[in-house]
Amino acid sequence: MRLAGIALGFLATGLQGAETPPVIAGFLDQYCFECHDEDAKKGDLDLTTLAFDLDAADAFAKWVTVHDRAHAGEMPPAKKPRPAAADLEAFANALAAELTRADAARIATDGRATRRRLNRHEYENTLRDLLALPSLGVKDFLPEDTTSHGFNKIGDALDVSHVQVARYLAAGEFALHQALAPQATKPETTTRRFPTWDDRSFFGRIHLEGPRERRTFPIVGHELQRQYVDGKERRPDPNRDPVQREREAMVVLVSTYEPTEIRFSSFEAPVAGFYRIRLSGYSVWMSADFSKITPGRRPEPIVISSDIEPSLLRKLGGFDVGPEPTVGEFEIWLEAGETIRPDAARLHRSRPPDHKNPLTTPEGMPGVAFQWLEVEG
């Protein structure tokens with residue numbers, strides 16, 4: 001009897017590398033080891049060598065299975081001696097208490113979610129924040145993330161292979177190169193203004209074919225400049241009066257959409273970096289016969305996007321313009337070669353075959369007058 005107790009005590013420590021509760025060890029010795037030892041190993045389960053290390057996920061999962069099968073009466077099987085109800089209850093309660101304690105400790109330390117790597121979208125956003133590169137693109141370096149239940153953020157589905165590690169390192173190295181300054185000395189900061197009257201994207205759409213609402217309309221203050229609309233003058237005098245220049249604007253009656261795709265094409269960011277931009281404009285009202293412009297009857301929302309060929313847009317911000325000239329100011333990141341596209345977002349998008357503007361009334365229609373873009377950087 002003493003030898004059996006010594007053997008049981010040795011077994012209790014061997015199960016786990018730490019002491020197994022006596023109630024659990026005694027129950028296993030009496031009812032389980034005959035089928036689940038190193039020799040029999042039924043169900044490919046050897047309880048004599050299964051560590052009672054509930055901090056290890058694999059071991060924890062196996063002990064949960066042991067508890068559930070015993071508590072449900074599935075083990076020991078019907079052909080084997082059944083434990084007394086009191087013994088089974090004591091075993092199940094003791095094991096459940098240990099499992100609950102280990103699970104609570106894990107939740108307190110790690111939370112309920114499985115530890116996982118960043119998916120490729122999160123990794124890209126993290127590098128953008130760390131390196132101050134708002135438009136950095138690295139997710140295409142990385143393999144597609146595995147999804148589970150429709151989500152790509154579940155730790156059990158986000159594997160880590162040697163391919164993943166190699167791709168993440170390559171993406172990180174690319175990001176570091178992007179963050180390095182392209183030249184040894186900082187470029188001189190300048191401020192330039194780009195009037196809409198001097199930009200072919202605005203002025204070149206005065207005589208667009210099709211519905212008149214797709215065209216642009218040059219104004220000074222609120223006076224429509226008929227000499228350009230009628231085609232008598234094709235381009236403004238570059239040496240015109242500076243006082244007039246301050247009051248010049250170009251009216252659009254539709255949202256920025258093909259073929260009225262207005263952009264400040266005379267400006268392109270020379271290098272990637274942060275720029276401070278200011279855009280001036282105001283809301284107007286166009287008469288139904290397109291002959292008279294008066295102050296706007298409400299504010300109009302303006303969306304600012306970057307634009308680079310072939311018409312790849314990236315939203316930068318927005319603001320509202322009122323009937324009086326309004327200046328929106330933003331500090332933004334631009335990639336080399338990007339320009340600025342403003343969009344009077346509420347206005348109609350004229351699309352065939354029905355070009356009807358739903359905002360038109362017998363009295364006319366709303367519009368926005370863009371004056372200039374100013375870029376500091």
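If you're wondering where the values come from, they're calculated on a predicted model, not measured in any experiment.
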Legend entry - Pair Arg192 + Glu376, salt bridge at N-O below 4.0 Å: no
Inset, instruction - Could you tell me whether the side chain of Thr147 and the main chain of Gly150 form a donor-acceptor pair under 3.5 Å? - result: no
Inset, instruction - Decide side-chain contact (heavy atoms from CB on, under 4.5 Å) for Tyr123 and Lys139; before the verdict, give the C-alpha distance in whole Å, the side-chain angles of both, and the deciding distance to 0.1 Å. - result: CA-CA 7 Å; Tyr123 187 63; Lys139 68 177 182 292; over 6 Å; no
Inset, instruction - Establish whether Val368 and Phe194 are linked, either directly or via other cluster members, by ILVMFWY side-chain heavy-atom contacts under 4.5 Å. - result: yes
Inset, instruction - Determine whether more than 12 heavy atoms belonging to other residues, nucleotides or ligands lie under 6.0 Å from atom CD of Glu233. - result: yes
Legend entry - Side-chain heavy atoms of Leu347 within contact of Glu300, under 4.5 Å: yes
Inset, instruction - Check whether the side chains of Ser287 and Asp289 place a donor and an acceptor atom closer than 3.5 Å, and report yes or no. - result: yes
Inset, instruction - Decide, yes or no, whether a salt bridge links Arg214 with Glu209 under the criterion of side-chain N to carboxylate O below 4.0 Å. - result: no
Inset, instruction - Apply salt bridge (charged side-chain N to carboxylate O under 4.0 Å, His left out) to the pair Arg245 and Asp198, showing each step before the final yes or no. - result: CA-CA 10 Å; Arg245 278 177 174 265; Asp198 295 333; 3.2 Å; yes
Legend entry - Which atom of Val321 lies closest to which atom of Ser283, heavy atoms considered: CG2-N, 4.0 Å
Inset, instruction - Check whether more than 12 heavy atoms from other residues, nucleotides or ligands sit under 6.0 Å from atom CD of Glu261, and answer yes or no. - result: yes
Inset, instruction - Considering non-hydrogen atoms only, spot the tightest contact between Leu224 and Phe290 and give its length. - result: CD2-O, 3.7 Å
Legend entry - Asp46/Lys41 ion pair, N-O < 4.0 Å: no
Legend entry - Any Leu334 side-chain heavy atom under 4.5 Å of Val271 side chain: no
Inset, instruction - Report yes if some heavy atom in the side chain of Pro143 is under 4.5 Å from a heavy atom in the side chain of Gln164; otherwise report no. - result: yes
Inset, instruction - Heavy atoms only: give me the nearest Ile332-Phe330 pair and the separation to one decimal. - result: CG2-CB, 3.8 Å
Legend entry - Backbone N/O of Ser201 and side chain of Asp199: donor-acceptor pair under 3.5 Å: yes
Legend entry - Val66 and Trp63, any side-chain heavy atoms less than 4.5 Å apart: yes
Legend entry - Expected output: side-chain Asn119 to main-chain Asn152 donor-acceptor under 3.5 Å: yes
Legend entry - Validation row: Ser135, Glu335 side chains within 4.5 angstrom (heavy atoms): yes
Inset, instruction - Check whether any side-chain heavy atom of Val160 sits under 4.5 Å from a side-chain heavy atom of Arg116, and report yes or no. - result: no
Inset, instruction - Please round to the nearest 0.5 Å and tell me the distance separating atom CZ of Phe264 and atom CZ of Arg341. - result: 12.5 Å
Legend entry - Residue pair Glu98 / Pro21, side-chain heavy-atom distance below 4.5 Å: yes
Inset, instruction - Looking only at non-hydrogen atoms, find the nearest pair between Pro358 and His348 and report the distance. - result: CD-ND1, 3.4 Å
Inset, instruction - Answer yes or no: is there an ion pair linking Asp320 with Arg346, defined by an N-O contact shorter than 4.0 Å? - result: no
Legend entry - Exceeds 12 heavy-atom contacts within 6.0 angstrom, atom NE2 of His71: no
Legend entry - Leu118 and Thr126: CA distance, side-chain angles, deciding distance, side-chain contact (heavy atoms from CB on, under 4.5 Å) verdict: CA-CA 9 Å; Leu118 298 177; Thr126 299; 3.6 Å; yes
Inset, instruction - Taking atom CG of Asp58 as the centre, report whether more than 12 heavy atoms of other residues, nucleotides or ligands fall under 6.0 Å from it. - result: no
Legend entry - Trp197 and its ring-ring contact (aromatic ring centres under 6.0 Å, His included) partner, picked from Phe370, Tyr228, Phe202: Tyr228
Inset, instruction - Test Val254 against Arg349 for side-chain contact (heavy atoms from CB on, under 4.5 Å), laying out the working first. - result: CA-CA 6 Å; Val254 295; Arg349 286 189 172 185; over 6 Å; no
Inset, instruction - Determine whether more than 12 heavy atoms belonging to other residues, nucleotides or ligands lie under 6.0 Å from atom CD of Glu74. - result: yes
Inset, instruction - Flag the pair Arg276 and Glu374 as a salt bridge only when some basic side-chain nitrogen lies within less than 4.0 angstrom of an acidic carboxylate oxygen. - result: no
Legend entry - Pair Asp343 + Arg263, salt bridge at N-O below 4.0 Å: no
Legend entry - From Leu133 atom CG to Glu124 atom CD, the distance as rounded to the nearest 0.5 Å: 11.0 Å
Inset, instruction - Kindly indicate whether the side chain of Phe27, heavy atoms from C-beta on, has any atom under 4.5 Å from the side chain of Leu88. - result: yes
Legend entry - Salt bridge flag under 4.0 Å for residues Glu246 and Arg193: yes
Legend entry - Smallest separation among heavy atoms of Gly367 and Leu253, with atom names: CA-CD2, 3.9 Å
Inset, instruction - Examine Leu47 and Val64 and state if one hydrophobic cluster contains both, with Ile, Leu, Val, Met, Phe, Trp and Tyr joined whenever side-chain heavy atoms are less than 4.5 Å apart. - result: yes
Inset, instruction - Would you check if the side chain of Ser306 reaches a backbone N or O of Leu316 as a donor-acceptor pair within less than 3.5 Å? - result: no
Legend entry - Lys/Arg-Asp/Glu bridge criterion (N-O < 4.0 Å) met for Glu223, Lys292: no
Inset, instruction - Indicate yes or no for a side-chain donor-acceptor contact from Arg205 to the backbone of Pro259 under 3.5 Å, with no hydrogens or angles considered. - result: yes
Inset, instruction - Any chance you could measure Ile219, atom CD1, to Met286, atom CE, to the nearest 0.5 Å? - result: 8.0 Å
Inset, instruction - Identify the heavy atoms of His207 and Asp230 that sit nearest to each other, and give their distance. - result: CE1-C, 4.4 Å
Legend entry - Pairwise distance CD1(Ile340) to CD1(Ile262) - rounded to 0.5 angstrom: 12.5 Å
Inset, instruction - Report the C-alpha separation of Thr216 and Val251 in whole Å, then their side-chain angles, then the decisive distance to 0.1 Å, and conclude whether the side-chain contact (heavy atoms from CB on, under 4.5 Å) test is met. - result: CA-CA 6 Å; Thr216 55; Val251 171; over 6 Å; no
Legend entry - Stepwise salt bridge (charged side-chain N to carboxylate O under 4.0 Å, His left out) test for Arg117 and Glu122: CA-CA 9 Å; Arg117 64 169 173 82; Glu122 293 168 328; over 6 Å; no
